[in-house]
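Encoded as C-alpha coordinates, the structure appears first; notes follow it.
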Amino acid sequence: FQVSAVPEFGRIVIYTTSLRVVRTTFERCELVRKIFQNHRVKFEEKNIALNSDYGKELDERCRSVCEVPSLPVVFIDGHYLGGAEKILLMNESGELQDLLTKIERVQLPQECFSCGGFGFLPCSACHGSKMSVLRNCFTDSFKALKCTACNENGLQRCRSCAG
(Lines give C-alpha, C1' and ligand atoms only; values in the text may rest on other atoms or scores of the structure.)
Protein backbone atom coordinates (compact mmCIF):
# COMPACT_ATOMS: atom_id res chain seq x y z
CA PHE A 1 0.00 0.00 0.00
CA GLN A 2 1.14 3.54 -0.78
CA VAL A 3 -0.05 6.52 1.27
CA SER A 4 -1.80 9.43 -0.42
CA ALA A 5 -1.34 13.05 0.67
CA VAL A 6 -5.14 13.47 0.59
CA PRO A 7 -6.76 12.76 3.98
CA GLU A 8 -9.19 9.92 3.30
CA PHE A 9 -9.31 8.00 6.55
CA GLY A 10 -12.31 5.71 6.69
CA ARG A 11 -13.22 6.46 3.07
CA ILE A 12 -13.29 4.58 -0.20
CA VAL A 13 -12.64 6.51 -3.43
CA ILE A 14 -13.27 4.81 -6.76
CA TYR A 15 -12.21 6.44 -10.04
CA THR A 16 -14.53 5.22 -12.82
CA THR A 17 -15.95 6.18 -16.18
CA SER A 18 -19.50 6.09 -17.48
CA LEU A 19 -18.42 6.21 -21.13
CA ARG A 20 -19.23 2.98 -22.92
CA VAL A 21 -16.74 3.53 -25.74
CA VAL A 22 -14.50 0.74 -24.44
CA ARG A 23 -16.96 -1.88 -23.24
CA THR A 24 -14.53 -3.84 -21.08
CA THR A 25 -13.48 -0.73 -19.13
CA PHE A 26 -17.11 0.24 -18.53
CA GLU A 27 -17.98 -3.31 -17.44
CA ARG A 28 -15.02 -3.41 -15.01
CA CYS A 29 -16.16 -0.09 -13.49
CA GLU A 30 -19.69 -1.46 -13.10
CA LEU A 31 -18.34 -4.65 -11.49
CA VAL A 32 -16.29 -2.78 -8.88
CA ARG A 33 -19.20 -0.44 -8.09
CA LYS A 34 -21.52 -3.44 -7.59
CA ILE A 35 -19.01 -5.21 -5.32
CA PHE A 36 -18.86 -2.20 -2.97
CA GLN A 37 -22.63 -1.73 -3.15
CA ASN A 38 -23.13 -5.39 -2.21
CA HIS A 39 -20.87 -4.90 0.82
CA ARG A 40 -23.13 -1.93 1.70
CA VAL A 41 -20.27 0.44 2.39
CA LYS A 42 -20.21 4.14 1.70
CA PHE A 43 -17.89 5.09 -1.16
CA GLU A 44 -17.17 8.15 -3.27
CA GLU A 45 -17.21 7.57 -7.01
CA LYS A 46 -15.20 10.00 -9.12
CA ASN A 47 -16.36 9.66 -12.72
CA ILE A 48 -13.60 11.06 -14.95
CA ALA A 49 -16.00 11.25 -17.91
CA LEU A 50 -18.09 13.84 -16.10
CA ASN A 51 -15.25 15.97 -14.70
CA SER A 52 -11.77 16.25 -16.19
CA ASP A 53 -10.38 17.42 -12.83
CA TYR A 54 -10.89 13.87 -11.55
CA GLY A 55 -8.74 12.56 -14.41
CA LYS A 56 -5.93 14.97 -13.54
CA GLU A 57 -6.23 14.02 -9.87
CA LEU A 58 -6.06 10.32 -10.78
CA ASP A 59 -2.96 10.83 -12.95
CA GLU A 60 -1.22 12.65 -10.10
CA ARG A 61 -2.17 10.01 -7.52
CA CYS A 62 -1.12 7.11 -9.75
CA ARG A 63 2.18 8.84 -10.58
CA SER A 64 2.92 9.07 -6.85
CA VAL A 65 2.47 5.30 -6.47
CA CYS A 66 4.25 4.52 -9.78
CA GLU A 67 1.19 2.93 -11.38
CA VAL A 68 -0.28 3.42 -14.84
CA PRO A 69 -3.95 4.39 -14.36
CA SER A 70 -6.34 1.79 -15.75
CA LEU A 71 -9.95 2.27 -14.77
CA PRO A 72 -11.38 1.54 -12.30
CA VAL A 73 -8.86 2.53 -9.62
CA VAL A 74 -9.68 2.09 -5.91
CA PHE A 75 -8.19 3.90 -2.91
CA ILE A 76 -9.12 2.88 0.65
CA ASP A 77 -8.04 5.13 3.54
CA GLY A 78 -5.89 7.03 1.02
CA HIS A 79 -3.97 3.86 0.13
CA TYR A 80 -3.81 2.65 -3.46
CA LEU A 81 -5.58 -0.71 -3.60
CA GLY A 82 -5.69 -1.55 -7.30
CA GLY A 83 -8.05 -2.12 -10.18
CA ALA A 84 -10.92 -4.44 -10.99
CA GLU A 85 -8.89 -7.66 -11.08
CA LYS A 86 -7.35 -7.03 -7.66
CA ILE A 87 -10.72 -6.08 -6.11
CA LEU A 88 -12.35 -9.18 -7.59
CA LEU A 89 -9.60 -11.46 -6.22
CA MET A 90 -9.74 -9.81 -2.79
CA ASN A 91 -13.53 -10.11 -2.75
CA GLU A 92 -13.42 -13.82 -3.60
CA SER A 93 -10.73 -14.56 -0.99
CA GLY A 94 -12.43 -12.55 1.79
CA GLU A 95 -9.57 -10.03 2.15
CA LEU A 96 -11.82 -7.20 1.00
CA GLN A 97 -14.35 -7.88 3.76
CA ASP A 98 -11.56 -7.55 6.33
CA LEU A 99 -10.48 -4.18 4.89
CA LEU A 100 -14.05 -2.87 4.94
CA THR A 101 -14.67 -3.41 8.66
CA LYS A 102 -13.78 0.21 9.55
CA ILE A 103 -15.68 1.81 6.63
CA GLU A 104 -19.05 3.47 7.26
CA ARG A 105 -22.01 1.28 6.29
CA VAL A 106 -25.13 2.32 4.39
CA GLN A 107 -28.57 0.76 4.79
CA LEU A 108 -29.83 1.25 1.27
CA PRO A 109 -27.93 1.60 -1.99
CA GLN A 110 -26.80 5.18 -2.53
CA GLU A 111 -28.89 6.97 -5.13
CA CYS A 112 -29.72 10.65 -5.10
CA PHE A 113 -33.18 11.64 -6.28
CA SER A 114 -31.85 14.82 -7.91
CA CYS A 115 -29.03 13.40 -10.06
CA GLY A 116 -29.75 9.66 -10.06
CA GLY A 117 -26.44 8.88 -8.38
CA PHE A 118 -24.20 10.55 -10.97
CA GLY A 119 -23.20 13.45 -8.69
CA PHE A 120 -23.62 16.03 -11.47
CA LEU A 121 -26.54 17.96 -12.98
CA PRO A 122 -26.85 20.25 -16.01
CA CYS A 123 -25.75 23.77 -15.12
CA SER A 124 -28.49 25.90 -13.58
CA ALA A 125 -27.13 29.05 -15.27
CA CYS A 126 -26.60 27.87 -18.86
CA HIS A 127 -28.63 24.60 -18.79
CA GLY A 128 -25.67 22.65 -20.14
CA SER A 129 -24.96 24.82 -23.19
CA LYS A 130 -21.66 26.05 -21.60
CA MET A 131 -22.50 29.58 -22.77
CA SER A 132 -24.08 32.46 -20.90
CA VAL A 133 -25.72 35.40 -22.60
CA LEU A 134 -24.75 38.97 -21.81
CA ARG A 135 -26.97 41.79 -23.00
CA ASN A 136 -25.38 45.10 -23.94
CA CYS A 137 -27.33 47.84 -22.13
CA PHE A 138 -26.42 50.51 -24.69
CA THR A 139 -27.57 48.54 -27.71
CA ASP A 140 -30.08 45.75 -27.99
CA SER A 141 -27.41 43.21 -29.00
CA PHE A 142 -26.55 40.04 -27.14
CA LYS A 143 -23.12 38.46 -26.74
CA ALA A 144 -22.44 34.83 -25.84
CA LEU A 145 -19.75 34.19 -23.22
CA LYS A 146 -18.38 30.99 -21.74
CA CYS A 147 -20.36 30.05 -18.63
CA THR A 148 -18.26 30.24 -15.46
CA ALA A 149 -20.72 28.32 -13.28
CA CYS A 150 -20.11 24.87 -14.81
CA ASN A 151 -17.32 22.54 -15.97
CA GLU A 152 -16.21 21.77 -19.54
CA ASN A 153 -19.21 19.43 -20.02
CA GLY A 154 -21.84 21.97 -18.92
CA LEU A 155 -22.32 20.19 -15.58
CA GLN A 156 -22.33 21.27 -11.92
CA ARG A 157 -21.88 19.13 -8.80
CA CYS A 158 -25.22 17.97 -7.37
CA ARG A 159 -25.94 19.99 -4.23
CA SER A 160 -28.07 17.19 -2.76
CA CYS A 161 -25.48 14.43 -2.65
CA ALA A 162 -22.04 15.96 -3.30
CA GLY A 163 -20.13 16.66 -0.14
Side-chain angles (χ1 to χ4, degrees), residues 4-65 67-78 80-81 83-84 87 103-163:
S4 166
V6 180
E8 294 178 341
F9 301 110
R11 290 180 45 209
I12 300 171
V13 178
I14 307 170
Y15 291 89
T16 63
T17 184
S18 59
L19 290 179
R20 297 176 187 218
V21 176
V22 181
R23 185 181 300 165
T24 55
T25 302
F26 175 75
E27 289 171 352
R28 286 193 319 253
C29 291
E30 288 290 308
L31 173 70
V32 168
R33 183 182 308 110
K34 298 264 190 238
I35 287 173
F36 285 108
Q37 285 175 346
N38 288 340
H39 282 282
R40 295 195 182 257
V41 291
K42 187 174 183 179
F43 61 90
E44 180 180 357
E45 182 176 356
K46 294 190 175 186
N47 189 331
I48 66 169
L50 298 179
N51 192 342
S52 65
D53 291 339
Y54 293 155
K56 294 171 190 169
E57 181 181 309
L58 175 62
D59 285 339
E60 184 179 311
R61 291 182 80 173
C62 285
R63 199 174 312 119
S64 70
V65 293
E67 284 288 326
V68 178
S70 175
L71 296 176
V73 176
V74 178
F75 288 86
I76 296 181
D77 284 337
Y80 173 78
L81 195 61
I87 299 299
I103 305 297
E104 182 181 345
R105 301 287 174 173
V106 292
Q107 295 301 320
L108 299 172
Q110 300 170 261
E111 189 158 313
C112 175
F113 291 111
S114 298
C115 66
F118 285 101
F120 288 90
L121 290 168
C123 179
S124 58
C126 69
H127 307 290
S129 70
K130 301 182 277 183
M131 302 301 277
S132 63
V133 178
L134 176 69
R135 182 171 183 211
N136 188 337
C137 296
F138 300 109
T139 65
D140 287 332
S141 64
F142 291 93
K143 184 175 183 177
L145 301 172
K146 184 182 178 317
C147 181
T148 58
C150 58
N151 69 10
E152 70 280 355
N153 296 320
L155 300 173
Q156 290 178 320
R157 293 285 291 165
C158 176
R159 291 187 183 114
S160 301
C161 65

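Just so it is clear, the structure is predicted and the values come from calculations on it, not from any experiment. Hydrogens, waters and symmetry mates are skipped; everything else that's a heavy atom, side chains included, is used.
- For the pair Arg157 and Phe120, the cation-pi criterion (under 6.0 Å, within 45° of the ring axis) is fulfilled.
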* Hey, mind stepping through Phe43 and Val74 against side chain to side chain contact (heavy atoms under 4.5 Å, CB included) and telling me if it holds? -> CA-CA 10 Å; Phe43 61 90; Val74 178; over 6 Å; no
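- A donor-acceptor contact shorter than 3.5 Å links the side chain of Arg28 to the backbone of Leu71.
- Applying the side-chain hydrogen bond (donor to acceptor under 3.5 Å, both in side chains) criterion to Asn51, with sequence neighbours excluded, gives no partner residue.
- In terms of heavy atoms, Thr17 sits closest to Cys29 at N-SG, 3.6 Å.
- Contact annotation: the side chain of Asp59 approaches that of Arg63 to within less than 4.5 Å [non-hydrogen atoms, C-beta and beyond].
- Nearest heavy atom pair, residue Cys126 against residue Ser129, reads O-OG, 3.0 Å.
- Between the CD1 atom of Ile87 and the CD1 atom of Ile35 there is a distance of 7.0 Å, given to the nearest 0.5 Å.
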* Asked: Are Val13 and Glu44 close enough, and set up right, to give a side chain to side chain contact (heavy atoms under 4.5 Å, CB included), and what steps lead you there?
  -> CA-CA 5 Å; Val13 178; Glu44 180 180 357; 4.2 Å; yes
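- For the pair Asn151 (side chain) and Ser52 (backbone), a donor-acceptor distance under 3.5 Å is absent.
- Between Pro72 and Ile14 the shortest heavy-atom distance is CB-CG2, 4.3 Å.
- To the nearest 0.5 Å, atoms CG (Leu50) and CG (Leu121) are separated by 10.5 Å.
- The salt bridge (charged side-chain N to carboxylate O under 4.0 Å, His left out) test applied to Glu30 returns Arg33, not counting sequence neighbours.
- When the shell of 6.0 Å around CD of Glu27 is examined, it contains more than 12 heavy atoms from other residues, nucleotides or ligands.
- Using modelled atom types, no side-chain atom of Glu45 and backbone atom of Thr16 make a donor-acceptor pair closer than 3.5 Å.
- Nearest heavy-atom pair across Glu152 and Lys130 is O-CD, 2.9 Å.
- Summarising the geometry of Ser124 relative to His127, their closest heavy-atom pair is O-CE1, 3.7 Å, with the distance given to 0.1 Å.
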* Check against side chain to side chain contact (heavy atoms under 4.5 Å, CB included), Asp53 and Lys56 -> CA-CA 5 Å; Asp53 291 339; Lys56 294 171 190 169; 4.1 Å; yes
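- By the neighbour-count criterion of 12 heavy atoms within 6.0 Å, atom CZ of Arg23 is sparsely surrounded, having that number or fewer from other residues, nucleotides or ligands.
- Here SG of Cys150 is found 6.5 Å from CD of Gln156. Values are rounded to the nearest 0.5 Å.
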* Asked: Run the side chain to side chain contact (heavy atoms under 4.5 Å, CB included) check on Asp77 and Arg11 step by step: do they pass?
  -> CA-CA 5 Å; Asp77 284 337; Arg11 290 180 45 209; 5.8 Å; no
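- For Val32 against Ala84, the heavy-atom pair with the smallest separation is CG2-CA, 3.7 Å.
- Classified by interplanar angle (parallel below 30°, tilted 30° to 60°, perpendicular above 60°), the ring pair Tyr15/Phe75 is perpendicular.
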